[in-house]
**Student:** 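A single structure is presented below for examination.
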Number of protein chains: 2
Amino acid sequence: MTTDSLTKALDAAEAHCVERGEKLTPVRKRVLELVLEADGPVKAYDLLEALKPGPGSAKPPTVYRALDFLMTAGLVHKVEALNAFVGCSHTHDHDEHGGGAELFICSDCGAVEERHGAPLPMNAPAGFTIQRSVVEHFGQCANCHPG
Amino acid sequence: MTTDSLTKALDAAEAHCVERGEKLTPVRKRVLELVLEADGPVKAYDLLEALKPGPGSAKPPTVYRALDFLMTAGLVHKVEALNAFVGCSHTHDHDEHGGGAELFICSDCGAVEERHGAPLPMNAPAGFTIQRSVVEHFGQCANCHPG
DNA sequence: AATCCGAATGTTATAATATCACGCCTCAAA
DNA sequence: TTTGAGGCGTGATATTATAACATTCGGATT
Ligand SMILES: [Zn+2]
Ligand SMILES: [Zn+2]
Ligand SMILES: [Zn+2]
Ligand SMILES: [Zn+2]
């Protein structure tokens, strides 16, 4: 991600929060910036390290609170199978398509693609009502194919 | 799960391992039994507790080793979003359908249904090769609907 | 201005999840 | 008998996440 598009993404995120009546505070903005800067899914404790060049602040609750806020705001997603976090790459409402994002994660280079609208399976058990779906695919992206 | 069907499941699991040239040792069998007995997804440290009525054995590696074995053998699946484990409810090869199981987990009663047959996304990024998929749906099963 | 309130953050501690490293035992092949 | 691999016991440690309480800060109310 270029410096320029990063700035734009942060501005857009700030606007998104304001629309929702919430605040993208400095800590939250910094955490989002770190997530967006990262090449791939990023770990909470790596964020924690990155947050404390100064001696003081930055204990685990700081980063987990920021991540919770960003996830609720739809700006960041958790990769459950990795215990790691990725920046959201799009702007529309996540609930529009009946649930969660679908993530494609390259195990070689860490690239993450987010898709939506997953034609969610017609083979659900009878009468099962889906509230939340976790869909994560791991493999190789087009750039990382051996062949 | 009835005592009877539990016994049958354990016998089948043992046969499955033997076919693969592996051994369902007492520890592994006991862990599988505990997972199968549970009402829903079960945590590693709950298994650990259940394993040590006697003072001695049962440290974390014991249960994690058994779980790794059982997962590799396809007898148990991990629910990534819960850091918990469920018994596999079927016998055929998990790779037949192009990858992982699809889990439907009732947030109210813990019931887990496992389905297969690759809901596989037609909207994968171009050139992306999927090696492993994690698909977990959370919601209410037919028995737990308020309405 | 003074007060109050609630959200956000700081801070300490601890819980919950998972792995490493080493050594011993057993069983079977050579 | 020697040897080697797999399985397991054990102690320590790494990693991930939350609980609980104090403090700060900005805006609303008086
Ligand atoms: Zn998203
Ligand atoms: Zn790649
Ligand atoms: Zn299965
Ligand atoms: Zn239910």
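Every chain is numbered from 1, with letters handed out A, B, ... down the list of sequences.
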**Student:** Just how far, in rounded Å, is P of D:dT15 from CG of A:Asp46?
**Tutor:**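 Atom CG in A:Asp46 sits about 10 Å away from atom P in D:dT15.
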
**Student:** Between P on D:dT16 and CD on B:Glu80, what's the gap in Å once rounded to a whole number?
**Tutor:**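 Roughly 13 Å, once rounded to whole Å.
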
**Student:** Given 3.5 Å as the limit, does a donor-acceptor pair link the side chain of B:Glu114 with the main chain of B:Ala101, or not?
**Tutor:**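 Side chain of B:Glu114 to backbone of B:Ala101: no pair is present.
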
**Student:** Can you tell me if A:Glu136 uses its side chain to pair, donor with acceptor, with the backbone of A:Glu80 under 3.5 Å?
**Tutor:**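 Flag set: sc A:Glu136 to bb A:Glu80 pair under 3.5 Å.
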
**Student:** Which nucleotide in the list D:dT10, C:dA8, D:dT18 gets nearest to the side chain of A:Thr25?
**Tutor:**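 Output: C:dA8.
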
**Student:** Please check this pair: side chain of B:Arg30 against backbone of B:Leu51, looking for a donor-acceptor N/O pair closer than 3.5 Å.
**Tutor:**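 Judged by distance alone, no pair lies under 3.5 Å.
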
**Student:** Distance check needed: D:dG9 C1' versus B:Leu51 CG, whole Å only.
**Tutor:**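 Going from B:Leu51 (CG) to D:dG9 (C1'), I get 13 Å.
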
**Student:** Expressed in angstrom and rounded to an integer, what is the separation of B:Glu49 atom CD from C:dT17 atom C1'?
**Tutor:**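 It works out to 14 Å between those atoms.
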
**Student:** With nearest nucleotide decided by heavy atoms, which residue, A:Lys43 or A:Arg65, maps closer to the 5′ end of DNA chain D?
**Tutor:**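 It is A:Lys43, whose closest nucleotide lies nearer the 5' terminus.
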
**Student:** Below the 4.0 Å mark, does D:dT15 have OP1 or OP2 next to a side-chain nitrogen or oxygen of A:Asn83?
**Tutor:**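 No.
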
**Student:** What's the closest nucleotide to the side chain of B:Val27 if the choices are C:dG10, D:dC8, C:dT19?
**Tutor:**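 Nearest to the side-chain atoms of B:Val27, counting from C-beta on, is D:dC8.
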
**Student:** Taking only side-chain nitrogens and oxygens of B:Lys78, does any of them come within less than 4.0 Å of OP1 or OP2 of C:dA18?
**Tutor:**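 Answer is yes, contact under 4.0 Å.
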
**Student:** Atom OH of A:Tyr45 to atom P of C:dT17: distance rounded to whole Å?
**Tutor:**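 Rounded to whole Å, this separation is 14 Å.
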
**Student:** To the nearest angstrom, how far is B:Leu67 atom CG from C:dA18 atom C1'?
**Tutor:**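 That distance rounds to 11 Å.
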
**Student:** Please give, in whole Å, the distance from C:dT9 C1' to A:Leu24 CG?
**Tutor:**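 One finds 15 Å between C1' of C:dT9 and CG of A:Leu24, rounded.
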
**Student:** It should be established whether A:Thr62 places a side-chain nitrogen or oxygen under 4.0 Å from OP1 or OP2 of nucleotide C:dT9.
**Tutor:**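 Result: no.
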
**Student:** Just how far, in rounded Å, is C1' of D:dT15 from CG of A:Leu47?
**Tutor:**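 My rounded result for the distance is 14 Å.
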
**Student:** So B:Leu67 and B:Leu47, side-chain contact (heavy atoms from CB on, under 4.5 Å) or not? Walk me through it.
**Tutor:** CA-CA 10 Å; B:Leu67 288 169; B:Leu47 293 171; 3.9 Å; yes

**Student:** Closest approach to the side chain of B:Pro61, judged atom by atom: which nucleotide of D:dC8, C:dT11, D:dT10 is it?
**Tutor:**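 Nearest listed nucleotide: D:dT10.
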
**Student:** Could you tell me whether a side-chain N or O of B:Lys52 sits under 3.5 Å from a main-chain N or O of B:Lys59, the two making a donor and an acceptor?
**Tutor:**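 No, the answer is negative, given that no donor and acceptor are paired below the 3.5 Å cut-off.
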
